[in-house]
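Counting starts at 1 for both ligands and their atoms, in listed order. What you see is a predicted model, and the numbers here were worked out from it, not measured in a lab.
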Amino acid sequence: MTRIVYLNGTLLPFEEAKLPIMDRGFLFADGVYEVTTVIGGKLVDFASHCARLRRSAGEIGIAVPVDDARLLAIHRDLVARNALDEGTVYLQLTRGAAERDFLAPEGLEPTLLMFTQAKAVLANPAAETGIAVASVPDLRWERRDIKSVMLLAQVLAKRAAHEAGAQDAWMVEPDGMVTEGASSTAWIVTQDGRLVTRAKSHKTLPGCTGLALEALIAETDLRLEHRPFPLDEAFAAAEAFNTSASAFVLPVVTVNGRAIGKGVPGPVTKRLRDLYLAFARDTAV
Ligand SMILES: Cc1ncc(COP(=O)(O)O)c(C=O)c1O
């Protein structure tokens, strides 16, 4: 089966999709992206990803060239044409292609690219075992709330985590506070059962999964605190977990080789994963 991708208004075979070498996404990381998960051939939390795309693009002055209904239609076409049951749709929007200059010419046509990636989402062994996390310095810029394609710091963070035998990195600021995972939102559960994650700010990406989970938590007896936490607080926590569109709620069982709580996925994390899974299934479009 030929893999079909979307590029600037057209669905076409993967091999035929070509971008100019002057694309500003390639030369300047002048663009933004989104990743939406697909389960059972349907898109999870799609409206939230659309809203974040528009916000990210707006913050750097790129106009999204299609409306939300068209975005949904393209996503659905891609899922259908690639017979995708489980996986992700990756979307990248750049300022477009022009002769290399820091200042882009007015009226440049943006580049809109989308492709699917098949992968098991629901049956994730890491959700059963939990993952190891390694801490790394947060080397990023001051507008981490924009989902920029400038991901070098995260690539280096993941490489360092991999070398340390961990599956993800938690990025830590010079003040000792954890900002977030290299591609996830970081959470802890205190010994007295409070959930702690950072409030929205320029310091972290507003995770769609975390946002949806917060609404689900509000319907439970669990207490949520929005504040930064240091690594030492994570070491003393009962549980820890990450949230992200492609892994939902993923237990973190060690940080820098130190067991969190009992060193196995905890009951609060499991409950939240189940809550999110039900939400994902019930609201996918
Ligand atoms: C830095 C960062 N934080 C948080 C997240 C989680 O966001 P979402 O739940 O929308 O996937 C991601 C996802 O890629 C990310 O890259």
Side-chain angles (χ1 to χ4, degrees), residues 29 31-39 43-57 59 71 75 86-93 117 119 121 124 126-127 131 133-161 167-173 177-188 195-217 226 228-229 240-252 269 272-273 275-277 279-280 283-284:
V32 295
Y33 75 108
E34 270 304 326
V35 181
T36 307
T37 286
V38 173
I39 53 172
L43 298 149
V44 175
D45 208 7
F46 184 74
S48 186
H49 289 279
C50 259
R52 189 173 60 187
L53 170 68
R54 287 192 187 281
R55 181 179 180 278
S56 294
E59 290 297 304
L71 269 181
H75 275 76
E86 265 187 41
T88 54
V89 180
Y90 176 88
L91 176 158
Q92 179 162 325
L93 175 69
Q117 289 186 297
K119 79 168 197 184
V121 177
N124 181 356
I131 61 163
V133 154
S135 69
V136 298
D138 197 332
L139 303 176
R140 295 173 300 162
W141 67 329
E142 309 244 333
R143 289 301 307 277
R144 302 162 188 164
D145 56 309
I146 297 168
K147 200 164 169 64
S148 155
V149 292
M150 183 180 59
L151 292 171
L152 180 57
Q154 286 94 314
V155 168
L156 297 180
K158 294 258 186 185
R159 282 170 64 91
Q167 288 82 51
D168 203 357
W170 273 5
M171 298 181 286
V172 180
E173 290 223 288
M177 297 294 177
V178 174
T179 47
E180 57 191 329
S183 58
S184 58
T185 306
W187 301 65
I188 56 170
L195 290 157
V196 183
T197 194
R198 292 183 82 119
K200 268 192 192 174
S201 74
H202 287 178
K203 297 233 173 225
T204 58
L205 183 80
C208 293
T209 318
L211 195 66
L213 193 65
E214 286 183 16
L216 297 169
I217 289 167
H226 279 129
F229 59 85
F241 61 92
N242 286 344
T243 53
S244 68
S246 52
F248 301 154
V249 177
L250 203 57
V252 170
T269 305
L272 294 178
R273 183 172 172 87
L275 272 179
Y276 188 84
L277 282 173
F279 158 83
T283 61

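The heavy atom nearest to atom 5 (C) of ligand 1, out of those in Ser148, Ala153, Ser184, is found in Ser184. If you check each of Ala212, Ala247, Ser183, Ser48 against atom 13 (C) of ligand 1, the one with the closest non-hydrogen atom is Ser183.
Atom CZ of Arg143 sits in a crowded spot, with more than 12 heavy atoms from other residues, nucleotides or ligands closer than 6.0 Å.
A distance-only check finds a donor-acceptor pair linking the side chain of Thr197 to the backbone of Ala186 [under 3.5 Å]. No donor-acceptor pair under 3.5 Å is formed between the side chain of Thr88 and the backbone N or O of Tyr90.
Between Arg52 and Glu34 there is a salt bridge, since a side-chain N of the basic residue sits under 4.0 Å from a carboxylate O of the acidic one.
In this structure, the side chains of Trp187 and Leu213 come closer than 4.5 Å at one or more pairs of heavy atoms.
If you look at Ser246 next to ligand 1, there are no close heavy atoms at all, none under 4.0 Å. Neither the backbone nor the side chain of Arg144 comes within 4.0 Å of ligand 1, counting heavy atoms alone.
The shortest N or O to N or O distance between Arg52 and ligand 1 is below 3.5 Å. Looking at ligand 1, you won't find any N or O of Gly181 less than 3.5 Å from one of its N or O atoms.
Within the listing of ligand 1, atoms 4 (C), 6 (C) sit less than 4.0 angstrom from a heavy atom of Thr185.
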